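Read through the structure below, which is laid out as structure tokens, and then see the notes.
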Amino acid sequence: MKILASAKNQAHSFDCAPGEKILYAGLRSGIELPYECGSGTCGTCVAKLIEGKIEDPWPEAPGRAYLKPDADEFLMCQCVALTDCSLEVPASVKLMPAGAPVPLHLGGVVDRSRSLTHDVLLVDLTIEPPLDFEAGQFVLMEVSDTPGRRAYSMVNFDRQARRLRFVIKKKPGGGLSEWLFGPGVEGARVSLFGPLGIATFSPDIAKHLVCVAGGSGIAGMMSILSRACQERYLEGYRGHLFFGVRTARDLFFLDELSEFKAQFPETLQITLALSEEEIPATVREAHPRLGFDTGLVHDVTARHMKGKFDNIRAYVAGPPPMVDAAIRMLLKEGRLSPGNIRYDKFS
Ligand code: FES
């Protein structure tokens, strides 16, 4: 099927395979159609159908709440084209910059799954074909028999990656996360689409880094720290990572974070924030390279960063209320410009 998408600045046309979501067809053609979650919740990918027929396999998608009733609007990340279609996209749409990783459909097999905490898993997939992505990006994952897709950020950072690593938080009633926590997952096949997301780090930003993560939001920050360490970025710039969870039993990746810190002891500061209890002495003693504090992670970040917000690029990931609080703090207390605060809202 041919799709003609008329945006505010210009029109773009692209092919859409039978059954393929219109958003994914546009993105894999190198066209930066608007999106945030890619999975039916945020409403960012709204378009208006001018001509042709589409089908919406998930009419209950929460993102439909943002559509104007009776205006022929639909979510591009949910709908498939049944005929050639002409659409109106209420945004400016550019082509992806040369060299940017273009999203594609991938197959994956669950290689290994192990518990990090009582409700968090670390899952490794082998993928085909290999994938280039930017540190901080995510993919959408889907399994047959379980409706919907979920966004998961890569933990690792590799060129032409053949393996991807993800942090999976257990969500009661969340189809995909419950499947991943269930029996017989190792060896199972999944479908992926990506890489996606604009909360990315590359060394050419030439700024000090502040990473603020809540819970499983640490995944993308691990990818960012991996790239920063691999490319010796922290020889020239400071890095500050703040990782917030509720209690000590929710902590994970402490050994991995200690290893990052060991590589750049002078320029990398890593602080773990517990919001509901003091850090037990045993945890503090077992991880002498890491800092610990008590409070909500955005408050802890504000305290530790006071007077140090010059020339900073900030990355934020976690549950939506935590992301909103951290962004408010970075704008108000850090006085960062919106362009220097990167986050993806897909939780
Ligand atoms: Fe489509 Fe979020 S609802 S991108």
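For the numbers below, each heavy atom of this structure counts, side chains included, while hydrogens, waters and symmetry mates do not. Starting from 1, each residue takes its place in the sequence as its number. Model, not experiment: these values are computed from the prediction. For ligands, and for the atoms within them, numbers begin at 1 and follow the listed sequence.
Close contacts between ligand 1 and G40 involve ligand atoms 3 (S) [criterion: under 4.0 Å to a heavy atom]. Within ligand 1, counting atoms from 1 as listed, the ones closer than 4.0 Å to a heavy atom of G43 are 2 (Fe), 3 (S). Listed by atom number, the atoms of ligand 1 under 4.0 Å from E36 heavy atoms are 4 (S). Which parts of ligand 1 touch Y35 is read off a 4.0 Å heavy-atom cut-off, strictly below it: atoms 4 (S). Every atom of ligand 1 is numbered from 1 in the order shown, and the set under 4.0 Å from a heavy atom of T41 is 3 (S).
Note that NE2 of H240 is 6.0 Å distant from NZ of K308, once rounded to the nearest 0.5 Å.
Annotation: angle subtended at atom 2 (Fe) of ligand 1 by C37 SG and C42 SG is 100°, to 10°.
In terms of modelled atom types and a separation under 3.5 Å, the side chain of N156 and the main chain of R165 share a donor-acceptor contact. A donor-acceptor pair is defined here as one N or O able to donate and one able to accept, closer than 3.5 Å; no such pair exists between the side chain of Q137 and the backbone of P101.
Proximity of Y152 to L164: side-chain heavy atoms (C-beta onward) are nowhere separated by under 4.5 Å.
Protein heavy atom in closest approach to atom 1 (Fe) of ligand 1: C45 SG, 2.3 Å. For atom 4 (S) of ligand 1, the nearest non-hydrogen atom of the protein is G38 N, 3.1 Å.
Between the side chains of D250 and T247, at least one donor-acceptor pair of N or O atoms lies under 3.5 Å.
Just one residue in the list R189, R150, K21, R149 forms a salt bridge (Lys or Arg N to Asp or Glu O under 4.0 Å) with E142, and that residue is R149.
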